[in-house]
Amino acid sequence: MSSRTFFVGGNWKMNGDRKSLGDLITTLNTASLNDETEVVCGAPTVYLDFARSNLDARIGVAAQNCYKVAKGAFTGEISPVMIKDCGVEWVILGHSERRHVFGENDELIGQKVAHALESGLGVIACIGEKLEEREAGTTEEVVYAQTQAIADNVKDWSKVVLAYEPVWAIGTGKTASPEQAQEVHEKLREWMRANVSEAVADSVRIIYGGSVTGANCKELGSQNDVDGFLVGGASLKPEFVDIINARA
Ligand code: PGA
């Protein structure tokens, strides 16, 4: 097993309210969590302050998106300085729903990554192929191109977690098999070795997302190059505790 700190992110997406998120926060605050795992919860923008004020300090908070500049006439957007002003340390960028529902492209995601890092946020940067791309045998090509667009904008990799989330596995109940996840993670690490550096390839956390559950997390998390998870649906349930403790 590697020396990389296991990282489990929850992505609440556009779900919850003060009552249900408050209950979830109480569950997390009172649970016994593996203290060797780094945990971060991605809250909806309007609940960032609420999540940060109520979650235990040992649990990080992430925004689910941000814009590429600090301020200005960008109705509806939020900036990294605002996120930091709420005491929040992380942002999720390039999520497949941002890419495929809201039409964000590699260029914009790269600009957002650069600005978020310059502003001092940690970035959970998401990549992943669609079903038709996997079936056409272009998974590697797709994820390498997405990773390149991110890597071009990263100076300090210690603040970046790369999330491999095959689009066909997100919210579908069709989890990648441990072998499928390991295969892509290993290739991504080799890509890092060839295109970034040996040191970054060895240290960067590559986490898996796509229908991770309490039932499948242990096997997925035991793969050599799977350094944690980004969890959607199951992060809203008490089962998230089991996922945090996958390696316990
Ligand atoms: P899911 O979502 O766990 O509900 O598949 C994962 C994600 O979108 O990060």
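In listed order, ligands and their atoms are each counted from 1. As the structure is a prediction and not an experimental result, all values here were calculated from the model. Along the sequence shown, residues are numbered consecutively beginning with 1.
Annotation for ligand 1: atoms under 4.0 Å from non-hydrogen atoms of E165 are 6 (C), 7 (C), 8 (O), 9 (O). Atoms of ligand 1 lying under 4.0 Å from at least one heavy atom of G210, given by number and element, are 5 (O). Within ligand 1, the atoms closer than 4.0 Å to a non-hydrogen atom of N11 are 9 (O), numbered from 1 in the order shown. Atoms of ligand 1 lying under 4.0 Å from any heavy atom of G171, numbered from 1 in the order shown and given with element: 1 (P), 4 (O), 5 (O). If you number the atoms of ligand 1 from 1 as listed, the ones under 4.0 Å from a heavy atom of G233 come out as 1 (P), 3 (O), 4 (O).
Between W90 and F7, the ring planes are perpendicular. Angles over 60° get that label, and only those under 30° would be called parallel. By the 30° and 60° cut-offs, the orientation of the rings of F229 relative to F6 is perpendicular.
With Q64, H95, K174, E97 as candidates, the residue nearest to atom 8 (O) of ligand 1 on a non-hydrogen basis is H95. Within the set G9, G10, G232, the minimum heavy-atom distance to atom 1 (P) of ligand 1 is found for G232.
The side-chain contact (heavy atoms from CB on, under 4.5 Å) with I109 is formed by just one residue from the set H95, E104, R98; it is E104.
The proximity of A169 to ligand 1, defined as any non-hydrogen pair under 4.0 Å, is limited to the backbone. Contacts between I170 and ligand 1, counted as non-hydrogen atom pairs separated by less than 4.0 Å, involve both the backbone and the side chain.
Between E89 and K84 there is no salt bridge, since no side-chain nitrogen of the basic residue lies less than 4.0 Å from a carboxylate oxygen of the acidic one.
Note: an N/O pair closer than 3.5 Å links K13 and ligand 1 by distance alone.
Side-chain contact between V226 and I206 is absent, with no heavy-atom pair separated by less than 4.5 Å.
Remark: E36 CD is loosely packed, at most 12 non-hydrogen atoms of other residues, nucleotides or ligands lying under 6.0 Å away.
In this model, no donor atom of one side chain and acceptor atom of the other lie less than 3.5 Å apart for Q64 and W12.
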